[in-house]
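One is the number of the first residue; the rest follow in order along the sequence. As the structure lists them, so they are numbered: ligands from 1, and atoms in each ligand from 1.
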Amino acid sequence: MSVKFVALLALALACLLEFAPPARAANPIFPKLFTADPVALSDGGRVYAYVGVDEAKPDDKDYVMNEWRVYSSCDMRHWVDHGSPIQAKTFAWAKGRAWAAHVVKQGNKYYFYSTVEHATVPGLSIGVAVSDSPTGPFVDARGTALITNDMTKQTDIHWDDIDPAVFVDDDGSAHLYWGNTFLKYARLKPNMTELDGDYKVMPVEPFTEAAYMHKRGATYYLSYSQGFPEETAYQTGPSPTGPWMPRGVIMAMNSGVKTIHTSIIDFNGKSYIFYHNAKLPGGSEFRRSVAVEELHYRADGTIVPIEQTLAGPKANPSPGCKVKKK
Ligand code: FUB
């Protein structure tokens, strides 16, 4: 090979590198829409991520949210868009505001718990919908709200009954957590659509919103947003109702948006935290974007604080995972 040929080859390679479009960062994971309030479900070798859609225009001063969307992945890197399996109008008794939701599998059914504004009971409320598939469509499972704002009296604010999170324990018992300012808890009946007894207020302070429960070994992890701007804190305990031991902050507050709304799952032997920030171009308080990071535990079971990254987690394919490269 002549020196001239090698020089030409090197020049061509340099030009290619220079002009090749940079690979898109993995985070935020859904670059085509503003998305928020993620919750994920690991099922059948795929992870399903359910998100609200922020439709606010740049100058809007409030959330504009009408539907939820679901995406899935078999490797935590490549995501398939399954569209919108449920909208606020799925609940005939609601008048809008598709705020944060949570999805769990119980038996062969998928239950979608969601915040919506009630049409006749002032304030935000919680509904439950059901489907035979993780990608929906979901239908209203009750025909009425599961929780309404007039059922709780701790504060006059009309958005204190938001952000449902349902945890199904190893014995099949189902536990509902929700609230803003006050964290509320109730057992669910085995039908997943009714409260089993009265609700309680959990003594978790300071608490803002976005409660989330997961279990690792025999330890229960209650994570939630605290402060405003929000940061994600967590506590641990020996049961779904505590008693709780505060363990500190695992994700620091965002810049450009005051909320953060995290949720934690295991997938293919690793743990992940989903959250939202405002890092999609044009992002802001009401134009958020969902991202994901790997989450690590220390030997004593405490969680290592998580940095937000643009790179996101490494590929973690399920056996037989085939991704469609664009
Ligand atoms: O998306 C509307 C609200 O913002 C959610 O219900 C809260 O968790 C916060 O993320």
Side-chain angles (χ1 to χ4, degrees), residues 28 30 33-40 49-57 60-70 84 86-88 91 94-103 112-118 123-128 145-149 152 155 157-166 176-184 204 206-213 222-234 250-264 273-280 283-292 308:
F30 311 124
L33 289 171
F34 292 107
T35 55
D37 303 330
V39 65
Y50 302 85
V51 299
V53 181
D54 274 339
E55 297 172 34
K57 301 282 176 287
D60 281 342
K61 300 283 181 275
D62 197 358
Y63 301 113
V64 180
M65 305 181 82
N66 294 300
E67 63 175 9
W68 297 271
R69 295 185 79 86
V70 56
S84 172
I86 175 167
Q87 302 82 38
F91 301 102
K95 68 174 181 189
R97 287 190 181 251
W99 284 21
H102 191 112
V103 182
F112 194 106
Y113 298 84
S114 46
T115 314
V116 275
E117 183 161 10
H118 204 284
L124 276 85
S125 54
I126 293 173
V128 52
L146 175 63
I147 305 285
T148 50
N149 187 37
T152 67
T155 155
I157 61 176
H158 75 270
W159 61 91
D160 65 314
D161 291 298
I162 63 170
D163 292 3
V166 173
L176 171 67
Y177 306 81
W178 78 97
N180 174 293
T181 310
F182 292 89
L183 171 59
K184 286 154 272 186
V204 172
F207 172 80
T208 304
E209 57 190 4
Y212 187 87
M213 174 64 61
L222 173 66
S223 50
Y224 53 93
S225 300
Q226 70 177 19
F228 204 72
E230 297 174 347
E231 53 191 5
T232 301
Y234 79 110
I250 47 171
M251 190 172 273
M253 57 185 70
N254 277 315
S255 57
V257 55
K258 295 185 188 70
T259 58
I260 193 161
H261 203 110
T262 52
S263 54
I264 295 168
I273 184 165
F274 288 76
Y275 60 97
H276 66 228
N277 58 27
K279 289 188 179 156
L280 209 56
S284 63
E285 189 65 38
F286 306 114
R287 289 154 65 88
R288 299 163 290 180
S289 36
V290 164
V292 62
Q308 295 190 11

Self-check item: Presence of salt bridge, D54 and R287, under 4.0 angstrom
Solution: no
Self-check item: Test: K258 and E285 ion pair at under 4.0 Å
Solution: yes
Quiz item: Under the side chain to side chain contact (heavy atoms under 4.5 Å, CB included) criterion, do H158 and L124 qualify, and how do the steps go?
Solution: CA-CA 6 Å; H158 75 270; L124 276 85; 3.6 Å; yes
Quiz item: Can D62 and R97 be counted as an ion pair, charged N to O under 4.0 angstrom?
Solution: yes
Exercise. List, ordered by chain and residue number, the protein residues whose closest non-hydrogen atom lies under 4.0 Å from any atom of ligand 1.
Key: D37, Y63, M65, W99, A100, I162, D163, E209, T259, H261, H276, R288
Practice problem: Measure up the Y224 and F207 rings against each other and bin them: parallel (under 30°), tilted (30 to 60°), perpendicular (over 60°). | Solution: tilted
Quiz item: Should we count NZ of K279 as having more than 12 external heavy atoms under 6.0 Å?
Solution: yes
